[in-house]
Structure formats: structure tokens, C-alpha cells
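Read the numbers this way: they start at 1 and go in the same order the structure lists the ligands and their atoms. Heavy-atom basis, side chains included; hydrogens, waters and symmetry copies ignored. Heads up: numbering here begins at 1 and tracks the sequence.
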Amino acid sequence: MHDLRCALPAIRSAGMTLRDILIHPDPRLRTVTKPVGEITDDIRRLADDMLETMYDAPGIGLAAPQIGVMSRVLVMDAVKEEGAAPRPMALINPEVIWSSEETNVYEEGCLSIPEQYAEVTRPAEVKVRWTGLDGKAVEEQFEGLWATCVQHEIDHLNGKLFIDYLRPLKRQMITRKMQKLKREMARGEG
Ligand code: K2U
Ligand code: ZN
């Protein structure tokens, strides 16, 4: 993942903050988040912090509950062409209003479930409606990695993780690995 910190000045607000990413299992990752009411400067700062945290991870998406904020906010930038201009996006109260019959299989990961990857099948294209940081309603149809990413992030807003699409045994194995990782992190190892 090319370092996009050069892109940050374009979307920087005064002093963004890197936030800690919660690791599964954590009840906050299993909570259905609340819609955002008014789009305030606090929401705009939250989106900035989420983008900075996402680029730093690095990742191509991040949902507010992953940093412990139980609001319906997600950010993403799934631009993967080397040297292409980044396209940082912030979606407030996003909802899928159409999804294609055809599906895509993608080996997904998750910043809240580090180093674990598994194939997930999702609709290949989705149409999403959301409110932008300027308060305006937006609709866009996503395909490819963008479609996978936006569905992965909207799942996060509903307390759903990509491991929920796996067989129970595989999901339990990943959860146990994360519990071990968290024990080691608590002891300052790992
Ligand atoms: O929400 C997150 O945890 C960030 C996810 C988003 C994502 C997962 C699977 C497929 C698409 C997006 C990733 O950890 S971001 C890391 C990454 C980078 C390149 C391609 C796939 C995943
Ligand atoms: Zn995730």
C-alpha cells in the first residue's frame, strides 16, 4: 500500500488524531450503530481522524465502531492504482439501495481482525445512498474492490464482521487467535 500521507494535507484539518483500532472480540464491534443527526464540525473531525487512521494502518476502509465511536460513519479509499490520485470518501448514514444478482468472491481482511484472511462472497455491484460531509444526499454505484469495501464497512455499522460469513469452526478458530493476541498485547508481548 503506497504511503498516502502526502494526500493528507488535501484533507487535513487542524491536527488530526490517530485513533486506536479495536480488536475482535469486543462488544463495541458487535453493536448496531446510531444514525448521525446533524453533520457538525465534530463529525467532520471524526471523518478526518478516521481517514488518517485508515491510511496509517494501512487500509482501504474504516468504520466508526472500529475506533469505538458508535455512529453510522465510514471512510474509504479503495484506489489501488500506483500513483493514481487518492479518493478519500466519508459516508454518513450510508444505506445499500440496490445490489446486483451477480456476486464476487474476495479474500477479505479486517483491521480489527489482524493477519486473518478468508474468501467472502458478496454482490459484485451495489448502489449506496448517504449524506456527505457537506450535508448533501449522494447516491453512487460501486463495483470491484470499492463494492466489496463499502459492503464490508456497512456491515461494521451493523455489528457484522467478515468472519460471520465463514463456517462456525473457522470463525471460532479466528476468534481464539484474536483472544490469544489480546492476552499477549495485555502482557506487552506480541
Ligand atoms: O474495515 C476494515 O477493517 C478495513 C478493511 C476493508 C476491506 C476489507 C476487505 C476487502 C476490502 C476492504 C481492510 O482491512 S483494508 C486492508 C486491505 C487493503 C487492500 C485490500 C483489501 C484489504
Ligand atoms: Zn473490517
Side-chain angles (χ1 to χ4, degrees), residues 1-5 7-8 18-33 46-96 99-100 102-126 128 130 140-166 170-171 174-175 177-179 181-182 185:
M1 177 70 73
H2 37 285
D3 180 351
L4 294 174
R5 298 191 69 79
L8 288 178
L18 275 183
R19 313 283 280 258
D20 290 335
I21 295 176
L22 299 179
I23 304 298
H24 168 75
D26 184 309
R28 290 164 290 183
L29 293 172
R30 290 311 197 172
T31 306
V32 177
T33 54
L46 169 66
D48 280 353
D49 289 356
M50 287 173 65
L51 278 165
E52 184 178 21
T53 302
M54 179 192 80
Y55 286 127
D56 181 73
I60 57 172
L62 191 69
Q66 292 183 273
I67 59 166
V69 175
M70 310 319 284
S71 298
R72 302 188 78 78
V73 178
L74 70 88
V75 296
M76 59 181 180
D77 181 351
V79 170
K80 54 181 193 286
E81 297 72 34
E82 278 302 314
R87 190 188 171 199
M89 298 186 79
L91 283 62
I92 316 291
N93 302 332
E95 45 191 344
V96 175
S99 45
S100 61
E102 69 262 26
T103 61
N104 252 351
V105 181
Y106 193 90
E107 188 174 46
E108 299 196 13
C110 182
L111 297 175
S112 295
I113 310 177
E115 324 273 312
Q116 308 304 311
Y117 302 93
E119 289 196 341
V120 177
T121 301
R122 297 182 190 269
E125 293 189 51
V126 284
V128 180
W130 71 91
E140 185 165 337
Q141 190 157 316
F142 295 100
E143 59 181 34
L145 185 55
W146 284 95
T148 299
C149 182
V150 75
Q151 292 176 85
H152 177 110
E153 303 309 334
I154 291 175
D155 272 355
H156 271 302
L157 302 183
N158 297 320
K160 202 168 172 70
L161 300 171
F162 83 91
I163 56 173
D164 299 340
Y165 296 93
L166 310 182
K170 174 103 171 129
R171 178 165 56 252
I174 290 175
T175 299
K177 278 187 187 172
M178 292 297 105
Q179 288 167 325
L181 173 71
K182 291 176 82 164
M185 284 164 69

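- Under the 4.0 angstrom criterion for non-hydrogen atoms, Ala63 is not in contact with ligand 1.
- A salt bridge does not link Glu115 with Lys177: every distance from a Lys NZ or Arg NE/NH1/NH2 to an Asp or Glu carboxylate oxygen is 4.0 Å or more.
- Distances below 4.0 Å separate heavy atoms of Gly61 from the following atoms of ligand 1: 1 (O), 2 (C), 4 (C).
- Among Leu22, Leu46, Asp20, the one residue that satisfies the side-chain contact (heavy atoms from CB on, under 4.5 Å) test with Ile67 is Leu46.
- Contact atoms of ligand 1 toward Gly59: 15 (S), 16 (C) (distance under 4.0 Å to a heavy atom of the residue).
- Closest heavy-atom approach to atom 18 (C) of ligand 1 within the set Ile60, Asp155, Leu74, Leu145: this belongs to Ile60.
- Neither the backbone nor the side chain of Met76 comes within 4.0 Å of ligand 1, counting heavy atoms alone.
- Atoms of ligand 1 found under 4.0 Å from any heavy atom of Cys110, numbered from 1 in the order shown, are 3 (O), 14 (O).
- With the Zn ion (ligand 2) at the apex, His156 NE2 and Cys110 SG define an angle of roughly 100° (rounded to 10 degrees).
- Of all atoms in ligand 1, numbered sequentially from 1 with element shown, those under 4.0 Å from a heavy atom of Gln66 are 1 (O), 2 (C), 3 (O).
- Of the possible polar contacts, one joining the Lys182 side chain to the Pro25 backbone as a donor-acceptor pair under 3.5 Å is found.
- Under a 4.0 Å N-O distance rule, the pair Asp155/Arg122 qualifies as a salt bridge.
- Polar contact check, His152 against ligand 1: a nitrogen or oxygen pair lies under 3.5 Å apart.
- Within a 6.0 Å sphere centred on CD of Glu140, heavy atoms belonging to other residues, nucleotides or ligands number more than 12.
- Salt bridge absent: Asp77 and Arg87 never bring a charged side-chain N and a carboxylate O closer than 4.0 Å.
- Contacts with ligand 1 closer than 4.0 Å are made by side-chain heavy atoms of Tyr106 only, the backbone lying farther away.
- The CD atom of Glu153 lies 8.0 Å from the CE atom of Met76; values are rounded to the nearest 0.5 Å.
- Geometrically, ligand 1 and Glu153 share a nitrogen or oxygen pair separated by less than 3.5 Å.
- Cation-pi geometry between Lys160 and Tyr165 is met: the NZ or CZ atom falls under 6.0 Å from the ring centre, inside 45° of the normal.
- Of all the heavy atoms of Met54, none lies under 4.0 Å from any atom of ligand 1, so neither backbone nor side chain is involved.
- The contact set between ligand 1 and Leu111, taken as ligand atoms under 4.0 Å from a residue heavy atom, comprises 2 (C), 3 (O), 4 (C), 14 (O).
- Inclusion of Leu62 in the set of residues having an N or O under 3.5 Å from an N or O of ligand 1 is not warranted.
- For Arg72 and Asn158, the side-chain atoms include at least one donor-acceptor pair closer than 3.5 Å.
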